[in-house]
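Everything below concerns the one structure shown next.
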Amino acid sequence: MMLNSKSVGNKISTARKKNNLSQADLAQQVSISSQAVGKWERGESMPDIATLNRIAEILGVDLNYFSETFKSNVSESQFETTKKESVEIPTTKLKTSLGLNWNMSSGNWVNADFSGLNNLKDKFSTSNMKNCKFIGSDLSNLTLKSNNILGCDFSNSDLRNSKIQTSNLDNNQFIECLLIDTEFSSSEIKNCNFSKANFSGVELKTSELKKCILENAVWNLSTFKLSHISDVVFNGTIDECSFENCSFTKVTFKNATIINTFFKGKRLKGIQFVDCHVDRITYEFLKNGKADLTGLTLLA
């Protein structure tokens with residue numbers, strides 16, 4: 001199947017609009033950032049084949065629809081037929097009754113099970129939380145400010161587009177969480193488990209990320225600014241990310257592929273690379289910052 005990024009982008013845009021989906025809607029169902037969808041539709045990048053197959057299911061088209069050789073003049077009836085035959089995308093969000101409006105700010109919550117919680121409407125700040133469960137909760141689009149969170153479990157929760165400010169997060173579980181376009185600012189994040197979390201579009205600024213587990217996390221268009229990163233290991237694909245004026249202590253990139261990623265700062269010597277592959281521009285950023293380039297192989 002012959003694919004062209006500009007053609008694929010146009011076809012994603014056309015099919016998305018036929019389904020009355022916004023870029024944000026499509027991004028949510030594919031579990032990536034809305035900026036990534038925008039880049040696809042502008043032809044600036046292209047999803048991999050597994051993601052493209054997922055997009056085809058969501059948009060109700062055959063995978064061959066994205067090929068350059070596929071006839072683009074599909075009739076509306078053909079499109080609707082394909083759409084009806086497509087797999088229905090399940091949702092894991094907990095449905096709530098109308099009218100709920102809970103204010104959980106300024107609370108002292110210990111050993112509580114809030115799994116499936118949602119409908120907070122920005123009312124969850126200046127609280128102490130210890131050993132609580134928020135499994136499968138919808139905490140998206142919230143401003144979470146000045147919270148002290150210790151030993152809590154947020155696994156499989158949705159924190160998209162949230163702003164976590166001036167908070168202390170220690171020894172928490174964020175396994176398989178959606179952190180797309182989430183902003184962490186002036187916060188301490190220590191001893192947390194972010195395995196398989198999706199950090200696409202996340203921004204971490206003036207914060208500390210220390211001794212956290214990041215195994216198989218998703219990094220795309222992620223930004224780190226003026227932050228201290230220590231005792232962590234990045235793996236997998238780091239794509240179009242940015243580390244600007246950060247300090248690094250015992251940071252390892254292991255078995256990672258680092259592409260179009262910006263490094264700027266004077267303290268890159270705290271980074272170690274183990275069996276990593278980088279493109280030329282990333283390599284030059286690292287070299288300019290006097291990073292130890294041992295363990296890096298240039299992509300062809």
If we count only N and O atoms by modelled type, under 3.5 Å, do the side chains of [X] and [Y] hold a donor and an acceptor together?
X      : Y      : value
Ser207 : Ser187 : no
Ser247 : His228 : yes
Asn10  : Ser13  : no
Ser186 : Thr166 : no
Ser242 : Thr223 : no

[X] versus [Y], closest heavy-atom pair with distance:
X      : Y      : result
Gly136 : Ser157 : N-OG, 3.4 Å
Asn172 : Ile149 : ND2-O, 3.0 Å
Ala24  : Ser34  : CA-CB, 4.1 Å
Ser105 : Phe124 : OG-N, 3.1 Å
Lys269 : Lys290 : CG-O, 3.5 Å

Distance-only, no hydrogens or angles: does the [X] side chain make a donor-acceptor pair with backbone N or O of [Y] under 3.5 Å?
X      : Y      : value
Thr282 : Asn260 : yes
Ser127 : Ser125 : yes
Asn235 : Asn216 : yes
Thr294 : Asp292 : no
Ser155 : Asp153 : no

Pairwise distance CZ(Phe253) to SG(Cys276) - rounded to 0.5 angstrom: 7.5 Å
Interatomic distance, Leu296 atom CG to Ile271 atom CD1 [nearest 0.5 angstrom]: 9.5 Å
With a 4.5 Å heavy-atom cut-off, do [X] and [Y] have their side chains touching?
X      : Y      : value
Ser31  : Gln29  : no
Ser33  : Asn220 : yes
Asp181 : Val202 : no
Leu179 : Arg160 : no
Leu21  : Leu59  : yes
Val8   : Leu52  : yes
Thr257 : Leu299 : yes
Leu26  : Ile12  : yes

Exceeds 12 heavy-atom contacts within 6.0 angstrom, atom NZ of Lys145: no
Ring center gap for Phe285 and Phe243 short of 6.0 angstrom: no
Lys/Arg-Asp/Glu bridge criterion (N-O < 4.0 Å) met for Glu183, Lys163: yes
Ionic contact status for Glu188 with Lys210, cut-off 4.0 Å: no
Shared hydrophobic cluster, Leu214 / Val274 (ILVMFWY, side-chain heavy atoms < 4.5 Å): no
Same apolar cluster: Leu178 and Phe114, side chain cutoff 4.5 Å: no
Residue pairs fulfilling ring pair (Phe, Tyr, Trp, His ring centres under 6.0 Å) with at least one residue in residues 27-57, sequence neighbours excluded: none
Ring pair (Phe, Tyr, Trp, His ring centres under 6.0 Å) contacts touching residues 11-35 (sequence neighbours left out): none
By side-chain hydrogen bond (donor to acceptor under 3.5 Å, both in side chains) - contacts of Ser200 (at least two apart): Asn198
Geometric class of the Phe174/Phe154 ring pair [parallel <30°, tilted 30-60°, perpendicular >60°]: parallel
Geometric class of the Phe234/Phe224 ring pair [parallel <30°, tilted 30-60°, perpendicular >60°]: perpendicular
Aromatic Tyr65 / basic Lys11 pairing, under 6.0 angstrom, 45° off normal: yes
